[in-house]
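These notes are about the structure you will find just below.
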Amino acid sequence: MSTLTVAGIYGLMALGLNLQAGYAGLLNFGHIAFAGLGAYATGITVQAGGSPWLGAGLGVLLAMALGWGIARLGRQLGADYWGIATLAIAEILRTVATNEGWLTGGANGIAAIPSLFEGFSRPWNSVAFLAAVMALLALAAWACRRLGNGRFGRALRLMREEPKLAACMGYDLVSLRSRAVMSGAALTAIAGSLYAHYMSFAGPDYMLAAETFLLWTMLMIGGLGNTAGVLLGVLVVQAAHALVPFAKDHFHFSSDTAGAMRIGLIGLILLACLLWRSQGLLPEKIRRIA
C-alpha cells in the first residue's frame, strides 16, 4: 500500500513535468522545487494552526508564481542555459530552506504534520489516503490527456518542434511557455503537499536535484509526451525500488549494497530503453500531415 501511495504521488509530479518537458520541450531541471514549495507551504501553515487545504492552496499559488518567473527568465536564455538556470533556482531554494530555521525548521525540517485522515482508525486511514491519491492521479491524467490533445497541447507541440513557425502563426511563445510551466508547477505542488501529509514531514531533502532527475528517468523510460507512458514509467521505477528490499532480505545484502543495487537497476532499465526504445516504452503518437 505504501509503494502504491508513493507511486501515485510521484505520478502527479511526473505528469506535471510532462506538461513542460513532454509537450513543450522545456528542459526544467529544477522541477522538484515546486513539490518542495507545496510541502513547505503545507507544513508551515499547519504548524501555524491553519487548515491543510489553505496550506495546499498557498503551495499551489507560490509554485505558480515561481513557474511564471522561471518561464519569463527563459526569454533571454537558450534552452540548455534555461535548464541550468532552473537547476540553480531549485538549489537556491533548497539552501534557503536549509538555513532559514525560523521559518522552515532548517536542516531538521518541519515534523508532526498531521495526515489528512487522522480521524480514521488503522489501516483505514492509509486506505483512504491511497484512494484520495489515486483519485487525484486519475483526474490529473484525464486532464493532462485532454489538455495534450486539445488546442493548447497542439500549440505546445508546435512550439517544441518549430518555434519560428509557431511565432509566425501568431502564437505568443512566452505566454505558451508560462502557461505550461505554471500548469506543471500547480500539479507538482499538490503532489508535494500530499507527500508532506503522508510522511508527516517537510524538509530540504525533498528538493534535492536527484529527485528531479528521478522524475526525468520516469519520463524517459515511459515515453515523453504520452500520459500513459509517463504513468508506466512511474510504475517501472517504483517496482524497481520495491524489488530491491525483497532481494536484500532474501540474499542478506547490506543496506549500502541494497542502495547501490537500486540505483544500478534503475540505471540499467534506463540504459536499455535508450538503446532499444529511445522514445520510451509507450512513445508519443504525433499526427502528421501527408
Without placing hydrogens or testing angles, list every side-chain donor-acceptor pair under 3.5 Å for residues 136-147, not counting sequence neighbours.
none

Response to the item:
Between the CG atom in Asn18 and the NE2 atom in His31, the distance rounded to the nearest 0.5 Å is 9.5 Å
Worksheet item: Are Thr42 and His197 close enough that a side-chain donor and a side-chain acceptor fall under 3.5 Å?
Response: no
Response to the item:
Output for pair (Leu274 CG, Ile269 CD1), nearest 0.5 Å, gives 12.0 Å
Worksheet, complete the sentence: For Ala56 and Ser193 the tightest heavy-atom approach is CB-OG, 3.6 Å
Worksheet item: Can you list every pair that meets salt bridge (charged side-chain N to carboxylate O under 4.0 Å, His left out) and has a residue in residues 13-33, with sequence neighbours left out?
Response: none
Item to complete: Give a yes or no on whether the backbone of Gly83 and the side-chain of Thr86 come within a donor-acceptor separation of less than 3.5 Å.
Response: yes
Practice prompt. Assess whether atom CE of Met220 is packed by more than 12 heavy atoms of other residues, nucleotides or ligands within 6.0 Å.
Written response: no
Worksheet item: Just by modelled atom types, is the Gly22 backbone N or O under 3.5 Å from a matching donor or acceptor in the Arg160 side chain?
Response: yes
Discussion item. Please report the interatomic distance CG(Leu156) to OH(Tyr23), rounded to the nearest 0.5 Å.
Written reply: 9.0 Å
Worksheet item: For residues 85-100, which residue pairs qualify under salt bridge (charged side-chain N to carboxylate O under 4.0 Å, His left out), counting only residues two or more places apart or in two chains?
Response: Glu91-Arg94
Discussion item. Between Trp102 and Val96, is there shared hydrophobic-cluster membership here, with clusters defined by ILVMFWY side-chain heavy atoms closer than 4.5 Å?
Written reply: no
Discussion item. Less than 4.0 angstrom from a charged side-chain N to a carboxylate O is my criterion; do Glu162 and Arg154 meet it?
Written reply: no
Worksheet item: Step by step, would you call Arg72 with Trp68 a side-chain contact (heavy atoms from CB on, under 4.5 Å)?
Response: CA-CA 6 Å; Arg72 297 283 162 170; Trp68 182 86; 3.4 Å; yes
Worksheet entry | Smallest separation among heavy atoms of Ser115 and Phe129, with atom names | OG-CD1, 4.2 Å
Discussion item. Do Met199 and Val133 sit in one hydrophobic cluster, given that two such residues count as connected whenever their side-chain heavy atoms are within less than 4.5 Å of each other, even indirectly?
Written reply: yes
Worksheet item: Measuring from Gln47:CD to Leu103:CG, what's the distance to the nearest 0.5 Å?
Response: 9.0 Å
Practice prompt. Please answer: with hydrophobic residues joined when any side-chain heavy atoms are less than 4.5 Å apart, are Val181 and Phe152 in the same cluster?
Written response: no
Worksheet item: Where does the angle between the aromatic ring planes of Phe213 and Phe29 fall among parallel (under 30°), tilted (30 to 60°) and perpendicular (over 60°)?
Response: tilted
Worksheet entry | side-chain contact (heavy atoms from CB on, under 4.5 Å) between Leu62 and Leu66, worked out | CA-CA 6 Å; Leu62 287 171; Leu66 176 63; over 6 Å; no
Discussion item. For the CD atom on Gln238, are there more than 12 heavy atoms of other groups (residues, nucleotides or ligands in this structure) within a distance under 6.0 Å?
Written reply: yes
Item to complete: Give, for atom CG of Leu282 and atom CG of Leu231, the distance between the pair rounded to the nearest 0.5 Å.
Response: 10.0 Å
Practice prompt. Could you tell me the separation between the CE atom of Met13 and the CG atom of Leu17, rounded to the nearest 0.5 Å?
Written response: 11.5 Å
Discussion item. Please say yes or no: joined through hydrophobic side-chain contacts below 4.5 Å, possibly via intermediate residues, are Leu73 and Tyr81 part of one cluster?
Written reply: yes
Item to complete: Considering non-hydrogen atoms only, spot the tightest contact between Val234 and Ala14 and give its length.
Response: CG2-CB, 3.8 Å
Practice prompt. State which residue, out of Val230, Leu15, Asn226, fulfils the side chain to side chain contact (heavy atoms under 4.5 Å, CB included) condition with Leu219.
Written response: Val230
Worksheet item: Same cluster for Leu232 and Tyr10 if Ile/Leu/Val/Met/Phe/Trp/Tyr side chains link at under 4.5 Å?
Response: yes
Worksheet entry | Side chain Trp82, main chain Ile70, donor-acceptor under 3.5 Å | yes
Discussion item. The test is side-chain contact (heavy atoms from CB on, under 4.5 Å); show your working for Met218 and Val236 and say whether it passes.
Written reply: CA-CA 8 Å; Met218 293 172 176; Val236 170; over 6 Å; no
Worksheet item: Looking at side-chain heavy atoms only, is the closest gap between Ile32 and Leu208 below 4.5 Å?
Response: no
Worksheet item: Of the non-hydrogen atoms in Phe117 and Asn125, which two are nearest, and what is the gap between them?
Response: O-CB, 3.3 Å
Worksheet item: Do you know which two heavy atoms are closest between Gly30 and Thr212, and how far apart they sit?
Response: C-OG1, 4.0 Å
Discussion item. Could you report the tightest heavy-atom contact between Ile110 and Ile113, atom names first, then the distance?
Written reply: O-CD1, 3.9 Å
